[in-house]
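Letters A, B, ... mirror the listed sequences (proteins, then strands); counts begin at 1.
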Number of protein chains: 2
Amino acid sequence: MPTMTAAQRRELEKIQFDAYLAECKSRELLETLSSKWVALVLSALREKGALRYSEIARTIAGASQKMLTQTLRALERDGLVSREVEPTVPVSVTYELTPLGDSLSGLVLSVKAWAEANMVDVMVARAEYDDRT
Amino acid sequence: MPTMTAAQRRELEKIQFDAYLAECKSRELLETLSSKWVALVLSALREKGALRYSEIARTIAGASQKMLTQTLRALERDGLVSREVEPTVPVSVTYELTPLGDSLSGLVLSVKAWAEANMVDVMVARAEYDDRT
DNA sequence: GGGGTTGCTCCCTTTCGGTAAGTAGGCACC
DNA sequence: GGTGCCTACTTACCGAAAGGGAGCAACCCC
């Protein structure tokens, strides 16, 4: 797929995207954004600024190398995160939110914060539900 | 697991939940919230108010019965959605956000809206990335 | 007894995601 | 000068889980 011209871009912007429609590209995008790994990586980069690969790995405990790399690649491809290789020795790679990624990270960080803040309520609800059955 | 006493609840509230930790319950919760189906169901209920099962199915095109039921059960168990069976004929079941669910649905709706609004930018970024490689 | 609503269950395929091992490039030690 | 090590991946393998489809249950009016 070639790079888009401004005209093509304007054409696309006329389209109304609706994630409720099965075939709509925006549902696919919503799906990729709806991943705990995406949420954790974006939250980490928002809270701590630019981070090196190993720093992200340390922040998000239990994330495998494979998962991290894969998530970062996807985020880079979608223009949410920028990747910069510094020719130090050994090589170090820094990841940072792009403006686009920054506009999203606030939203997903708030979801993560909600989960942490409302964990007790959810646990109570679960206990009651499990009793009731 | 039995229903919690107020004392147990207060005990729990002292705990700091942190989704960056692999073993933390809040990461597990974040994972269940990070699902396109959860996002779509919560968004639908927020935008349209209480809905019947068949209305949700119609709103979220392409969702299988199994997926819908499963998602709604999980949301009910977590106290985000209330389920009410009306003994009409045939039986009708309405789902509605609880106050807890309402406090979350705004956040996930904003993520869904972000995906729809920024679809073009992401597609442009993808095209450029695929060119570059 | 057919039909419409809301499920549940079994089967099957696809995808997710962890582990472990290998790669690259350059320095550094002995 | 071979060996080793560091970061940041990449790949192959494989078990676990997601998720679609189809079929069945139950209810009661018509």
Asker: Might you confirm whether atom CD of Glu84(A) has over 12 heavy atoms from other residues, nucleotides or ligands at distances under 6.0 Å?
Answerer: no
Asker: I want to check something: taking the side chain as every heavy atom from C-beta on, are Leu40(B) and Arg27(A) in contact at a cut-off of under 4.5 Å?
Answerer: yes
Asker: Are the side chains of Tyr53(A) and Ile56(A) in contact, using a 4.5 Å heavy-atom criterion?
Answerer: no
Asker: Taking DNA chain C as the partner, which of residues 55-76 of chain A come within under 4.0 angstrom of it by heavy atom?
Answerer: Ser64(A), Lys66(A), Met67(A)
Asker: Salt bridge check, Lys112(B) against Glu116(B): does any charged N sit closer than 4.0 Å to a carboxylate O?
Answerer: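 Yes, this pair counts.
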Asker: Indicate yes or no: at least one non-hydrogen side-chain atom of Leu45(B) is less than 4.5 angstrom from one of Glu96(B).
Answerer: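 Side-chain contact under 4.5 Å: no.
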Asker: Name the pairs: protein N/O against N/O of nucleotides 2-7 of chain D, kept only if under 3.5 Å.
Answerer:
unit_1, atom_1, unit_2, atom_2, d
dT7(D), O3', Arg52(A), NH2, 3.1
dT7(D), O3', Val91(A), O, 3.3

Asker: Return the set of residues passing side-chain hydrogen bond (donor to acceptor under 3.5 Å, both in side chains) with Arg58(B) (not counting sequence neighbours), or none when no residue passes.
Answerer: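 Once residues adjacent in sequence are excluded, Arg58(B) has no partner under the side-chain hydrogen bond (donor to acceptor under 3.5 Å, both in side chains) criterion.
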Asker: Val85(A) and Leu51(A): same hydrophobic cluster, using ILVMFWY side-chain contacts below 4.5 Å?
Answerer: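 Yes, because Val85(A) and Leu51(A) connect within a single hydrophobic cluster, where side-chain heavy atoms sit under 4.5 Å apart.
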Asker: Are Leu42(B) and Leu109(B) joined in one hydrophobic group, where the rule is that I, L, V, M, F, W and Y side chains link up if heavy atoms are under 4.5 Å apart?
Answerer: no
Asker: Let me check something: do Leu100(A) and Tyr129(B) share a hydrophobic cluster, defined by ILVMFWY side-chain heavy atoms less than 4.5 Å apart, either directly or through other members?
Answerer: no
Asker: Give the residues of residues 26-49 of chain B touching DNA chain C, defined as any heavy atom closer than 4.0 Å, sorted by residue number.
Answerer: none
Asker: When you list every nucleotide of DNA chain C with an atom under 4.0 Å from a heavy atom of chain A, which one comes first 5' to 3', and which comes last?
Answerer: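 Footprint of chain A along DNA chain C, 5' to 3': dG17(C) to dC27(C).
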Asker: So Val41(A) and Leu75(A), do their side chains get closer than 4.5 Å, heavy atoms only?
Answerer: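 The answer is yes, as the side chains (C-beta and beyond) meet within the 4.5 Å cut-off.
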Asker: State which residues pass salt bridge (Lys or Arg N to Asp or Glu O under 4.0 Å) with Glu76(B); sequence neighbours excluded, sorted by chain then number.
Answerer: none
Asker: Do the side chains of Thr98(A) and Val81(A) get nearer than 4.5 Å, heavy atoms only?
Answerer: no
